[in-house]
Amino acid sequence: MAIQIIAIVLALGLLIFLAYRGYPVIIIAPLVTLLAVVLSGGLLLPSYTETYMTNAANYVKSFFPIFLLGAIFGKVMEMSGAAASIAQTIVKKLGSKRAILSVVLACSALTYGGVSLFVVAFAVYPFAAAIFKEADIPKRLIPGTIALGAFTYTMDALPGTPQIQNIIPTNYFGTDTYAAPLIGIIGAIIVFVGGMIWLERRRKQALVKGEGYGTGHINEPETTANASLPNFWLAIVPLVLVILFNYLFSRSGISVKNWYNQTELAETFNIANVSTVTSSWSLIVALTIGILAAMLLNVKRIKVKLASGLTAAAMGSLLAIFNTASEVGFGNVVKTLPGFKVIQESVFNASSNPLVSEAIAVNVLAGITGSASGGLSIALEVMGSHYLQLAQNLGITPEMLHRIASMASGGMDTLPHNGAVITLLAITGLTHRQSYKDIFAITILKTAAVFILAFSASLFI
């Protein structure tokens, strides 16, 4: 049994090490999976074709439309100039005296409206650099500021956010994106306030030292011409439409779950419970509406770049979903290995409270894989049904499980090997040594907030 546990730990260690070194997860995930199978004395080829590939394919089937449409929406918002218009307006209205707050709010508005994290970083950075320079705030604080606005509460805490980390739990718990709204809002407030306190404290420390924006920086952005950007109020229309229609199609009288005959869905499409697909269906329609609205903002500008833009969005979505699906396949093979039972029991025994146990599992796996969606998917694939059964026995609602799992995925995922962190630092032309301290502080705050909420909720069970 010791060897079988070591096999799993070794496979996980190799996955995180090789991913950190830049090797493609699509290739290394199946290789380390098969290594774990061989060391555990399992059946190599059946584990690959029937367990790994089947579960990876099921994940693609469930979430590819969300990845694809989300990437297209973000790209269209970028090409139309809408994302830049929103970021520029918020930053300019609040001014240099509130530089950090303005950047956080600009990122928050875009991510909560459905724009992908990577697009947000590209769109906001030019204006963040300009206003930080005007306010003489160190450039090294920009990554932490963008991370607070884009990688935390609008990604997985605020109810209704269309980011994938808030969609994944719906397939396992039969919930929707508005699950446990009060807990989500409280968590968002904790993270926002705590993050702002940290960043402002860092700004004041730099001011006392007379540090300033700094010189000799690389990747300094060029100023975007105001005339080429759409009006702010027009620019936010696609974001509002996504949020509005996602809610209407999820929770109102025109919800997508009422569009089709339940008997026909069960008999023809094997959908026993339409609630498990309602969130995906509603977001698919909402994002489609948002894409069309974003295209209409600046038809001439988009028309020139449409083919290349759609190609880039499609390629980006394919890479993102297959990376995550590869990790899901890895998790499903690992859970069949004998050594995993010991690991699973250790996680379960870490706390008798399923909310705390779930937060631990999701946080650890998100940290190991360096991916919020990857760690969340693995944890829920492996232990989601167990948490759901235990929670029901204790009178805990599936909505609470959803919100804690979603928020936990955005905690330790932002360790140094995280793809979003590496990309953000590359965009801003900064290094881990210069800026990761602030990103890590936000990460610790986010992780702490999840456990505070999980423990607090347990008091009312």
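Along the sequence shown, the residues carry numbers beginning at 1.
- Applying the salt bridge (charged side-chain N to carboxylate O under 4.0 Å, His left out) criterion to E381, with sequence neighbours excluded, gives no partner residue.
- In this structure, CG on L283 lies 8.0 Å from CD1 on I164, to the nearest 0.5 angstrom.
- No side-chain donor-acceptor contact under 3.5 Å links R403 to the backbone of L158.
- The side-chain heavy atoms of F173 and I168, taken from C-beta on, include no pair separated by under 4.5 Å.
- T311 and A307 make their closest contact through OG1-O, 2.9 Å (heavy atoms, listed as atom of the first residue, atom of the second, distance).
- Side chain of T175 to main chain of E399: no donor-acceptor pair is present (N/O by atom type, distance under 3.5 Å, no hydrogens or angles).
- The closest side-chain heavy-atom distance from P159 to I185 is below 4.5 Å.
- When ring centroids are compared, Y178 and Y247 come within the 6.0 Å threshold.
- Distance NZ/K133 to OH/Y213: 5.0 Å, rounded to 0.5 Å.
- The two residues A449 and I190 come nearest to each other via the heavy atoms CB-CG2, 3.9 Å.
- For G187 against L453, the heavy-atom pair with the smallest separation is CA-CD1, 3.6 Å.
- Using modelled atom types, no side-chain atom of S357 and backbone atom of N353 make a donor-acceptor pair closer than 3.5 Å.
- In this structure, the separation between CD on Q163 and OG on S406 is 10.0 Å, given to the nearest 0.5 Å.
- Side-chain contact between I142 and S435 is absent, with no heavy atoms from C-beta onward closer than 4.5 Å.
- Atom OG1 in T152 sits 8.5 Å away from atom CG in L445 (nearest 0.5 Å).
- The main-chain N or O of M407 is found under 3.5 Å from a side-chain atom of K446 such that the two form a donor-acceptor pair.
- Applying the salt bridge (charged side-chain N to carboxylate O under 4.0 Å, His left out) rule to R251 yields the partners D176; only residues at least two apart in sequence or on another chain are considered.
- Formation of a donor-acceptor pair under 3.5 Å by the S102 side chain with backbone atoms of A99 is found in this model.
- Scanning both residues, S250 and S282, for their nearest heavy atoms gives OG-OG, 2.9 Å.
- Distance alone, capped at 3.5 Å, is enough to place a donor-acceptor pair between the S326 side chain and the F322 backbone.
- Taking 4.5 Å as the limit, every side-chain heavy atom of V285 sits out of range of all side-chain heavy atoms of F245.
- S80 places a side-chain N or O within donor-acceptor distance of the main-chain N or O of M77, the cut-off being under 3.5 Å.
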Residue pair F455, V450: steps toward the side chain to side chain contact (heavy atoms under 4.5 Å, CB included) verdict: CA-CA 9 Å; F455 279 115; V450 174; over 6 Å; no

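- Looking only at distances, a side-chain donor or acceptor of S308 sits under 3.5 Å from a matching main-chain atom of K305.
- Using a 4.5 Å heavy-atom threshold, the side chains of N55 and F330 count as separate.
- When atom types are taken as modelled, the side chain of N363 and the backbone of M412 share a donor-acceptor pair closer than 3.5 angstrom.
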F132/V103 under side chain to side chain contact (heavy atoms under 4.5 Å, CB included): CA gap, chis, key distance, verdict: CA-CA 9 Å; F132 270 50; V103 173; 3.9 Å; yes

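- For the atom pair N166 CG and S373 OG, the distance stands at 13.0 Å (nearest 0.5 Å).
- A 4.5 Å side-chain heavy-atom check between V382 and N332 finds every atom pair outside the cut-off.
- The main-chain N or O of P230 is found under 3.5 Å from a side-chain atom of S85 such that the two form a donor-acceptor pair.
- Between A106 and I90, the closest heavy-atom pair is CA-CD1, 3.7 Å.
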CA sep, side-chain torsions, deciding dist, call: L148, Y153, side chain to side chain contact (heavy atoms under 4.5 Å, CB included): CA-CA 8 Å; L148 175 60; Y153 56 92; 4.3 Å; yes

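- Residues T161 and T111 come closest through the heavy atom pair OG1-O, 4.2 Å.
- Taking 4.5 Å as the limit, some side-chain heavy atom of M295 sits within range of a side-chain heavy atom of L306.
- Exactly one residue among R140, K204, R202 makes a salt bridge (Lys or Arg N to Asp or Glu O under 4.0 Å) with E211. That residue is R140.
- One finds no salt bridge joining R203 and D136 here, because no Lys/Arg side-chain nitrogen approaches an Asp/Glu carboxylate oxygen to under 4.0 Å.
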Residue pair F192, L101: steps toward the side chain to side chain contact (heavy atoms under 4.5 Å, CB included) verdict: CA-CA 10 Å; F192 172 77; L101 176 62; 3.8 Å; yes

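- Annotation: the span from I167 atom CD1 to Q165 atom CD amounts to 9.5 Å, rounded to 0.5 Å.
- A heavy-atom distance below 4.5 Å is not found between the side chains of Y112 and L239.
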